[in-house]
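Heads up: the structure comes next, in structure tokens.
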Amino acid sequence: MSDIIHLLPDSVANQIAAGEVVQRPASVVKELVENAIDAQATEITISIVDAGRTSIQISDNGIGMSETDARMAFERHATSKISDASDIFKIRSMGFRGEALASIAAVSQTELKTRQENSELGTKIVIVGSKVESQEPEACPKGTTFTVKNLFFNTPARRKFLKANQTEFNYILAEIYQTALSHPEIVFTIMKDGVLYAKYPKGNQKQRIVSIFGKQMEKGLLPISDESSIAKIYGYVGVPEMAKKTGANEFFFVNNRFFRQKSFLASVLRAYGNLLPQKEYPPFFIFIDIDPSEIDVNIHPTKTEIKFSEEFNICQLLEASIKCTLGKNNIVPSLDFSDSADYSDMFSFKNADPIKAPTIKYNPDYNPFKKDEAAYPNAQTNVRNWEKLFEDFQTSKQAKNQDFALPSKMNEIKFEEAKDDVSVSFCTQFQKKYILAYADEKIYVIDIKRAHYRLLYDEFSTSLKEKKTPSQQTLLPVKIDVTADQSETLKEILPQLKELGFDIEQFGQNSFVVNGAPTDICMSDVQTIITEFVAKYEDSHDIKCSVQETVARTLAKSASLFRNPEMTSEEMKRFVSKLLANKSFTITPEGQIITVIVEPEDLLKKFN
Ligand code: ADP
Ligand code: MG
């Protein structure tokens, strides 16, 4: 039998390798921007056409390439960044595999123009599907410009696999955020379909965060900064009120390289402890500087997972550092975290040693936002005392004489109005989260938070539905800053918001001004309502069917934030009878179970 094994031509091998490196337009952006950073650029311009399907162009003012290097750069395993295997453990550059350009050129029509400072003329190379079409001298500015056209033109299956333009563009933005956040000293300009989309000027870490995520972020950021013999940790974490259920801005960087790691996230969440509502995540921008030999960046081709040899100790340092910041800012009135806190002995722990959690004293009435309540109306999420919450509401409700106040004042269920047709003879609370009730000769097990959500939701949606022409109050204009992608979303839904009684207009690229709102919306809350609404809108796909539905859900959700309330027996009875009088007392609008009913027969069978 004749031999059947042969080597694949480079173009085919590259195309196969490209599958790993280039998954979508965002991967191209990531690789090219990282190359520009490694080339010491101080300005990077990213132009995206058609979410990267038609063209992706990255220009930098970095060191450029010689004529020979320009050609070499497209070879597989061609890199200037490492020379032998041991270098992998000393990596300070973003790239090192020498695969990116070969992969990108295999699945697109790529043009490179590059010039080094000392050369008079630069070089232009055109490569189509790994094949060099031309290479010639070219007059061009110092630095490098890659233009990647018609990505996946020769792999139609992969092109078909791409998602909607907005989704692909969001992936691109996510990649840009990661690199722009870790390089605030570099100016980034983003063009979308020929129009300036965003420009991040040179600045410090915090200024960069704010120029990406909007001014609103600024007020809620707390700095962290710690150093041990192993690592230096610095950056910013959000106050608990900035926590979100989904789409939180969570960024870890090690030596300025973005990474994800469950153990690190767990440490952050542990530091916040029960300051966060269930399943909500705070924004954070955490940078770890460490000797490169202490990490292994070589585990994943797209390089977002990183192995740390001292993972456990760094996680401990991280947790302590965040607790310290929250403590210093009185968010957890707490341990004696003085400026000189010393964690040096932390590293005598062995992995097996139990770590004693510091005991934290918590002042439930402390409101870190007293001075600026309007900006954080949900600050009262931290109030743990059920009755107090209720009393506050009653007072503010009487003062305003409103039936329908939103959302910080709406932590209320009208107990006194509960129908009495269900008589609840016994109630007790267990595991704090649930009520066990006996009524109508059945046993009910009720998830308190979900029940609260259901009751509020029904109340809000009725109010919204029944209002045919929403009446409007004019206001002193309230300015709202949003992120670039939220701005896109908000622009799209302005007409629907108008139908609901909001008068909002765009004011600058990522800012909006609210001039009017429905009468039953509390003005100090408008900013939160709109911001949360936009965030939820982005996360929800079916919302286009009914904005009203989403408004009702969003508002009810933010209102049912409080956790583990301790209720008296009378309160529980009123709460349960109000719930059982509701047609939909068993499931939430999303279909989660609120109530489990135990029929006596089923229970009695157990005694047979
Ligand atoms: P890697 O970044 O892993 O080295 P790439 O395929 O991304 O591999 O790039 C190959 C080489 O091309 C780099 O090592 C670098 O020398 C050169 N190069 C790529 N992009 C640029 C750029 N924007 N400016 C200067 N040199 C570049
Ligand atoms: Mg690279």
Side-chain angles (χ1 to χ4, degrees), residues 10-11 13-23 26-47 56-85 87-108 110-119 122-127 130 132 135 138 140-148 151 175-176 178-179 182-183 186-189 255-258 292 297-304:
D10 267 0
S11 59
N14 284 341
Q15 223 181 69
I16 294 169
E20 289 269 286
V21 183
V22 187
Q23 277 134 13
S27 336
V28 176
V29 174
K30 173 190 156 76
E31 294 296 340
L32 297 183
V33 170
E34 288 188 353
N35 281 348
I37 290 170
D38 286 343
Q40 298 150 40
T42 57
E43 286 187 26
I44 300 176
T45 301
I46 302 155
S47 305
I56 297 166
Q57 186 176 72
I58 315 283
S59 288
D60 68 58
N61 62 349
I63 56 171
M65 283 175 265
S66 70
E67 200 186 328
T68 319
D69 279 356
R71 177 65 195 80
M72 262 303 274
F74 289 101
E75 293 298 327
R76 204 135 58 99
H77 308 304
T79 179
S80 54
K81 299 168 195 173
I82 57 173
S83 343
D84 63 46
D87 288 345
I88 294 177
F89 298 97
K90 299 181 206 145
I91 283 171
R92 289 257 172 217
S93 58
M94 310 280 288
F96 62 91
R97 293 165 184 267
E99 286 178 336
L101 293 183
S103 301
I104 293 167
V107 290
S108 69
T110 300
E111 181 196 277
L112 159 66
K113 287 185 189 175
T114 186
R115 183 172 73 81
Q116 291 177 311
E117 192 161 23
N118 299 331
S119 314
T123 307
K124 176 179 161 185
I125 297 184
V126 178
I127 301 190
S130 290
V132 182
Q135 170 158 12
E138 167 98 1
C140 55
K142 175 206 159 200
T144 303
T145 299
F146 279 98
T147 312
V148 176
L151 186 66
E175 291 294 351
I176 296 175
Q178 288 167 15
T179 23
S182 52
H183 296 88
I186 299 177
V187 181
F188 284 82
T189 308
N255 296 347
N256 276 346
R257 179 192 300 277
F258 175 82
V297 293
N298 200 21
I299 30 182
H300 196 268
T302 52
K303 297 170 272 180
T304 55

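Counting convention: from 1, in listed order, for ligands and their atoms alike. These numbers come from the heavy atoms of this one structure, side chains and all, not from hydrogens, waters or symmetry mates. Heads up: numbering here begins at 1 and tracks the sequence. For clarity, every value in this text was computed on a predicted model and none was experimentally measured.
- Between Ile58 atom CD1 and Ile56 atom CD1 the span is 7.0 Å, to the nearest 0.5 Å.
- Listed by atom number, the atoms of ligand 1 under 4.0 Å from Ala39 heavy atoms are 22 (C), 24 (N), 25 (C).
- The side-chain heavy atoms of Val126 and Val132, taken from C-beta on, include no pair separated by under 4.5 Å.
- Here CG of Asn256 is found 7.5 Å from CE of Met94. Values are rounded to the nearest 0.5 Å.
- The two residues Val21 and Ser103 make their nearest non-hydrogen contact at CG2-OG, 3.8 Å.
- Per-residue contacts place Ala73 under 4.0 angstrom from the following atoms of ligand 1 (heavy atoms of the residue considered): 10 (C), 12 (O).
- In terms of polar-atom proximity, Leu101 is counted as a contact of ligand 1, with an N or O under 3.5 Å from an N or O of the ligand.
- No side-chain donor-acceptor contact under 3.5 Å links Thr123 and Glu67.
- Close approach to Ala100 involves these atoms of ligand 1, each under 4.0 Å from a residue heavy atom: 6 (O), 7 (O).
- Considering all non-hydrogen atoms of both residues, Lys142 and Arg115 come closest at N-NH2, 3.3 Å.
- Short contacts between ligand 1 and Gly64, defined as distances under 4.0 Å to a heavy atom of the residue, involve ligand atoms 25 (C).
- Under the side chain to side chain contact (heavy atoms under 4.5 Å, CB included) criterion, Asn255 pairs with Arg92, Asp289, Ile290, Pro292, Ile295, sequence neighbours left out.
- Comparing Val33, Leu32, Ile63, Thr144 against atom 22 (C) of ligand 1, the shortest heavy-atom distance belongs to Thr144.
- Residue contacts with ligand 1 do not include Glu31, since none of its heavy atoms lies under 4.0 Å from the ligand.
- Residue-ligand proximity, Phe146 to ligand 1, at heavy-atom distances under 4.0 Å covers atoms 20 (N).
- Residue contacts to the Mg ion (ligand 2): Thr79 brings no N, O or S atom closer than 2.8 Å.
- Ligand 1 is approached by Gly98 to a heavy-atom distance shorter than 4.0 Å.
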